[in-house]
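Take a look at the structure below.
Residue numbers start from 1 in every chain, and the chains themselves are labelled A, B, ... in the order their sequence lines are given, proteins ahead of strands.
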Amino acid sequence: MHWLMKSEPHEFSIDDLARRKREPWTGVRNYQARNHLRDDMQVDDEVLFYHSSCEEPAVAGLARIVRAAYPDPTQFERKSDYYDAGSRKDAPRWLAVDVGFVRRFAVPVTLARLKTIGAPLEGFRLLMRGNRLSVFPVSPDHFHHILALERTT
DNA sequence: GCCAACGTTGGC
DNA sequence: GCCAACGTTGGC
């Protein structure tokens, strides 16, 4: 499948991922997003890496799932922002995946631009009202349309 | 099970 | 900083 994953670039950007090569995607604390990780994400799935809550929200690059879902260790770390006292080790509530760097877009595909596309991106979740989910599937058509936007500027 | 209050996300 | 749109929590 294809995915979009949001990250705030001042926390973790596509450039950070480029340096690290791969990174555990921890801290997902929304059941719908968790279910996507658990049920549908597979190694080698491609990911649009989206920068949110920043000056120019945009799809900033491409990533890939390099490890399928496993218990998110941060839920058991008392000092972590993501600590969950209600989660038990024998029945972990939250999951993580590992994400690998593929490439950084030379020119980010901005949210502002995506909004001008219209029909070809009908139903693309990022553009829909009230969208807050940090991880969601992208149809192959939408995914490839966005890659084409990167090439045409 | 309802629903008000509260917290979070994220664009602007 | 503001606000819309959700999701979660907790009293009843």
Expressed in angstrom and rounded to an integer, what is the separation of [X] atom [atom1] from [N] atom [atom2]?
{"X": "A/Gln32", "N": "B/dT9", "atom1": "CD", "atom2": "P", "result": "15 Å"}
{"X": "A/Leu133", "N": "C/dG7", "atom1": "CG", "atom2": "P", "result": "9 Å"}
{"X": "A/Glu8", "N": "B/dT8", "atom1": "CD", "atom2": "P", "result": "13 Å"}
{"X": "A/Phe136", "N": "B/dT9", "atom1": "CZ", "atom2": "P", "result": "16 Å"}
{"X": "A/Glu55", "N": "B/dC12", "atom1": "CD", "atom2": "C1'", "result": "12 Å"}
{"X": "A/Asp81", "N": "B/dT9", "atom1": "CG", "atom2": "P", "result": "11 Å"}
{"X": "A/Leu114", "N": "B/dG10", "atom1": "CG", "atom2": "P", "result": "15 Å"}
{"X": "A/Glu11", "N": "B/dG10", "atom1": "CD", "atom2": "P", "result": "12 Å"}

**Request:** Please state whether the rings of A/Phe49 and A/Trp25 are parallel, tilted or perpendicular, taking 30° and 60° as the class boundaries.
**Result:**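 A/Phe49 vs A/Trp25 ring planes: perpendicular.
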**Asked** If we ignore angles and hydrogens, is there a donor and acceptor under 3.5 Å between the side chains of A/Arg29 and A/Thr74?
**Response**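 The answer is yes; a qualifying pair exists.
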**Asked** For the rings on A/Trp94 and A/Tyr31, is their centre-to-centre separation under 6.0 Å?
**Response**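 Here the rings of A/Tyr31 and A/Trp94 have centres that are less than 6.0 Å from each other.
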**Prompt:** Do A/His2 and A/His144 have their ring centres less than 6.0 Å from each other?
**Reply:**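 Centroid separation for A/His2 and A/His144: below 6.0 Å.
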Strictly below 4.0 Å: does [X] bring a side-chain N or O up to OP1 or OP2 of [N]?
{"X": "A/Tyr31", "N": "C/dC6", "result": "no"}
{"X": "A/Arg129", "N": "C/dA5", "result": "yes"}
{"X": "A/Lys6", "N": "B/dT9", "result": "no"}

**Message:** Would you say CZ of A/Arg20 has more than 12 non-hydrogen atoms from neighbouring residues, nucleotides or ligands within 6.0 angstrom?
**Reply:**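 No.
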Nucleotide nearest [X] when distance is taken to its side chain, options [options]:
{"X": "A/Lys115", "options": "B/dT9, C/dT8, B/dG11", "value": "B/dG11"}
{"X": "A/Asn30", "options": "C/dG7, C/dA5, B/dG11", "value": "C/dG7"}
{"X": "A/Ser53", "options": "C/dA5, B/dG10, B/dC12", "value": "B/dG10"}

